[in-house]
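Input: a single structure, listed below in structure tokens.
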Amino acid sequence: MQSESETSVRLRFAPSPTGYPHLGNIRTALFNWLFARHHGGKFILRIEDTDVARKVEGAVEVILDSLRWLGLKWDEGPYFQSQRLPIYREIAQRLIEEDHAYLCYCSPERLETMRREQAKRKQPPKYDRHCRDLTQHEKTQLEATGIAPVIRFKTPLEGKTTFYDLIHGPVTFKHDVLDDFILLKSDGYPTYHLANIVDDHLMFISHVLRGDEWLSSTPRHVLLYQALNWQAPQFAHLPMILGPDRAKLSKRHGAITITEYQRQGYLPDAMINFLTLLGWSLDDRTELLSQEELIKHFSLERVGKTAAIFNRDKLEWMNGVYLRKLSPGEFVRQAMPFLDRDLPESVERPLNSTYVNQVLSLIQERAKTLAEVSQLASFFFLEELKYDTGLLSSGKLAAEPAARTITIASQKLEEVTTWDATTLEDILRPLATELNLSAGALFGLLRVAVTGRTAAPPLFQTMAVLGKKKCLKRFDAALQLLSTYLS
RNA sequence: GCCCCCAUCGUCUAGAGGCCUAGGACAUCAGCCUUUCAAGCUGAAGACCAGGGGUUCGAAUCCCCUUGGGGGCACCA
């Protein structure tokens, strides 16, 4: 790390691999990234894997994949705290030597009963500082028992700590509401509080942007920086993203991980645009911003303080906007994997790319997500359509005229040699008048016969893409259906 | 229980004392366009700015209290 690091803008995203990242985690990463990019600074990735017990296998890869998918490139790292253990132990040791920390031999059981007592007496749960002032004799005795101690911070008994939060302004905590929190666990791993501040210092982090849930731990961190005689970074606590029940986002809300959004066919740019607007705004009207614009305009001054419930409808809308903005070629490129994944197995692979191009040109402005594409386009690919006869005729009475209409249309189309949308329209539109039907009634009927559904892309274009052979075959199938229905 | 944070339409938000009879977006509803759907366009409805006190000539904007919501108080992060 160069010496200029000490003065430059350096942000970090420091997730712990205890689960897969969700919207809240990623929004934090995004704001850090935006802030770093806006200031021409560095964005660093650090994995805080100090909780051996809760570590989730494969989580690190998912975190990296999520960031890569969104295009949040990091400039350094990933660093792993589990590979830096000696550093934390050394710092913890130093704190003991300088009388800012002490060894604690209290058993989890003792702590547990202590907390239960406190709860019973409606007292705040706080470590009672039992080991803070052990005599040398007591220390020696406890050491002899072989109990693995933890290292606790000697929180000042009196006074208060005030820090300036870039979003909240000055925030003050009295020391007596803090307790002697643990720095180093008995397994030799540091806790978040220790590892986090040690690394932020060693990695020259200039700004700490994290969720509001960390606000009340910040005085501990400030105290640690002071004890170590280090300069603290600037803090900015971002408003949280809440679940529909207004509670902190968690697995309970369907655990929608960021990779799940990818799977459901959301575009990274749409996600980024949407997520940035959760807590930040440019002005009173701008909703759609490119990454470049976001980077250009992002500032902490325009970050709000109120927690937000994320609104899936709006995300869908925005994704639709981004989908429509794609060039036809790019849309195909994006949608192809989804078609491959979701179209029924019966559809022959590989898909014909010329055909797919034609089909998707009719689908693009109708899809809100890429995952919807297969559903919207399936009838283009299936050999046989399955649908309710009721769609062709509302009741037996209408079945016969319906069959007659389809037969006539089918005969007319049989003769067509130039199978394109204009020709088809030129033939079928007059037919409606001829049969004394409204255009809507005729086209609606044919649409069901050709697509198996009542809502589909425009009929003539659809038929043009499907091709003559398939269309006529589907008319026959519809007639079959109607005849079985009549008999 | 204690501490901290927050408080504008259902949701995301604009608003940093007079521009606010509170603006935009999503969703909703209606109309237009139209062969259905989608898109687009137009319009409607939707917030007595949580409530109550102040300060001020004047408050959504400043202060206080209340209420509500959230977060934290682990050998989790």
Side-chain angles (χ1 to χ4, degrees), chain A residues 14-19 48-51 53-54 104 106-108 111-112 115 118-127 148-152 165 167-168 171-174 176-179 181-187 189 191-193 195-196 211-219 237 239-240 242 244 246-248 274 277-288 301-302 304-318 320-321 324 362-368 376 425 428-429 432 438-448 451 453-460:
Chain A
S16 81
T18 51
E48 310 218 319
D49 52 350
T50 54
D51 187 342
R54 291 202 310 151
C104 167
C106 293
S107 69
L111 297 174
E112 186 48 43
R115 271 193 292 268
Q118 287 165 337
K120 213 188 295 173
R121 280 173 306 177
K122 307 229 173 199
Q123 304 255 299
K126 261 169 62 180
Y127 176 57
V150 301
I151 296 177
R152 286 184 185 270
D165 185 279
I167 291 169
H168 292 280
V171 181
T172 304
F173 286 82
K174 292 206 197 79
D176 59 18
V177 305
L178 273 23
D179 69 353
F181 55 97
I182 293 174
L183 299 170
L184 205 72
K185 302 180 243 180
S186 56
D187 64 1
Y189 278 73
T191 60
Y192 172 86
H193 304 300
N196 186 74
D212 258 342
E213 69 266 35
W214 293 107
L215 192 60
S216 40
S217 328
T218 308
H237 289 89
M240 303 211 296
L242 273 21
R246 296 208 145 273
K248 193 174 171 178
F274 175 79
L277 255 22
L278 233 45
W280 176 88
S281 64
L282 175 63
D283 54 30
D284 60 343
R285 58 195 70 252
T286 314
E287 302 278 342
L288 300 168
E301 288 77 61
R302 296 205 60 84
K305 296 179 192 173
T306 44
I309 300 170
F310 97 98
N311 177 202
R312 211 200 168 91
D313 281 337
K314 188 159 182 175
L315 205 214
E316 279 204 355
W317 162 77
M318 195 172 276
V321 172
R324 273 173 256 129
L362 297 178
I363 299 301
Q364 183 167 7
E365 70 170 30
R366 292 175 170 75
K368 286 205 181 70
L376 290 170
E425 180 159 12
L428 292 174
R429 203 172 277 282
S438 73
L442 174 62
F443 300 163
L445 177 63
L446 298 183
R447 174 176 302 107
V448 172
T451 67
R453 43 182 97 170
T454 53
L459 180 61
F460 311 120

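Lettering of chains follows the sequences in order, A, B, ..., and the numbering in each one begins at 1.
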Going 5' to 3' through nucleotides 41-48 of chain B and flagging B where a protein heavy-atom sits under 4.0 Å of the base, S where only the sugar-phosphate is that close, and - otherwise, we get --------
Look through every strand shown and name the nucleotide pairing with B:A7 as Watson-Crick or G-U wobble, where both distances are under 3.5 Å. B:U67
Answer yes or no on whether A:Arg152 is positioned over the face of A:Tyr127, meaning its NZ or CZ is under 6.0 Å from the six-membered ring centre and within 45° of the axis. yes
Here the pair of heavy atoms bringing A:Pro219 nearest to A:Leu178 is CB-CD2, 4.2 Å
My understanding is that a pair needs two contacts under 3.5 Å, Watson-Crick or G-U wobble. By that rule, which nucleotide pairs with B:C73? B:G1
Rounded to whole Å, please give me the gap between OH in A:Tyr127 and P in B:A74. 13 Å
Mind checking A:Glu365 for me? I need base, sugar-phosphate or nothing, with any heavy atom below 4.0 Å counting as a touch. base
Does A:His168 make a side-chain N or O approach to OP1 or OP2 of B:C6 shorter than 4.0 Å? yes
Looking for any heavy atom pair under 4.0 Å, which part of the strands does A:Arg453 touch: base, sugar-phosphate only, or nothing? nothing
Pick base, sugar-phosphate or nothing for A:Ser281, based on heavy-atom distances below 4.0 Å to the nucleic acid. sugar-phosphate
Round to a whole Å and report the spacing from CZ of A:Arg121 to P of B:C2. 15 Å
From the options B:C5, B:A14, B:C75, select the nucleotide whose nearest atom is closest to the side chain of A:Arg302. B:A14
Nearest to the side chain of A:Pro125, which nucleotide is it out of B:U8, B:G1, B:C75? B:G1
Need one value for A:Ser186: base, sugar-phosphate or nothing, where a base atom within 4.0 Å counts as base even if backbone is also close, heavy atoms only. base
Proximal nucleotide (of B:A39, B:C75, B:A77) relative to the A:Tyr192 side chain: B:A77
In Watson-Crick or G-U wobble terms, both distances under 3.5 Å, what is the partner of B:C20? none
Quick one: label A:Cys106 by what it contacts on the DNA or RNA (base, sugar-phosphate, nothing), any heavy atom closer than 4.0 Å. base
Looking only at side chains, do A:Asp165 and A:His237 share a donor and an acceptor under 3.5 Å apart? yes
Checking B:C76, B:C6, B:A14 against the side chain of A:Thr306 (C-beta onward), the nearest is B:C6
Regarding the side chain of A:Arg366, the nearest nucleotide among B:A14, B:A39, B:C37 is B:C37
Measure from the ring center of A:Trp214 to the ring center of A:Tyr192 and say whether it is less than 6.0 Å. yes
Only pairs with both distances under 3.5 Å count, Watson-Crick or wobble alike; so what is the partner of B:C62 in this structure? B:G54
For atom NZ of A:Lys305 and atom P of B:C4, their distance in whole Å: 16 Å
Strictly by Watson-Crick or wobble contacts shorter than 3.5 Å, is anything paired with B:C32, and which nucleotide is it? B:G40
One character per nucleotide, please: for nucleotides 63-72 of chain B, 5' to 3', B when the base has a protein heavy atom closer than 4.0 Å, S when only the sugar-phosphate does, - otherwise. -------SSS
Determine the contact category for A:Lys185: base if any of its heavy atoms lies under 4.0 Å from a base atom, sugar-phosphate if only primed atoms, P, OP1 or OP2 are that close, otherwise nothing. base
At 4.0 Å (heavy atoms only), tell me whether A:Gly320 reaches a base, stays on the sugar-phosphate, or touches nothing. nothing
Take nucleotides 18-35 of chain B nucleotide by nucleotide from the 5' end and write B, S or -, depending on whether a protein heavy atom sits under 4.0 Å from the base, only from the sugar-phosphate, or from neither. -----BBBBS-------B
Atom of A:Val150, atom of A:Ser186 and distance for their closest heavy-atom approach: CG1-N, 3.6 Å
Do the side-chain N or O atoms of A:Arg115 get closer than 4.0 angstrom to the phosphate oxygens (OP1, OP2) of B:C2? no
Counting only side-chain N and O atoms of A:Thr50, is one of them less than 4.0 Å from OP1 or OP2 of B:A77? yes
Presence of A:Lys174 side-chain N/O under 4.0 Å of B:C2 phosphate oxygens OP1/OP2: no
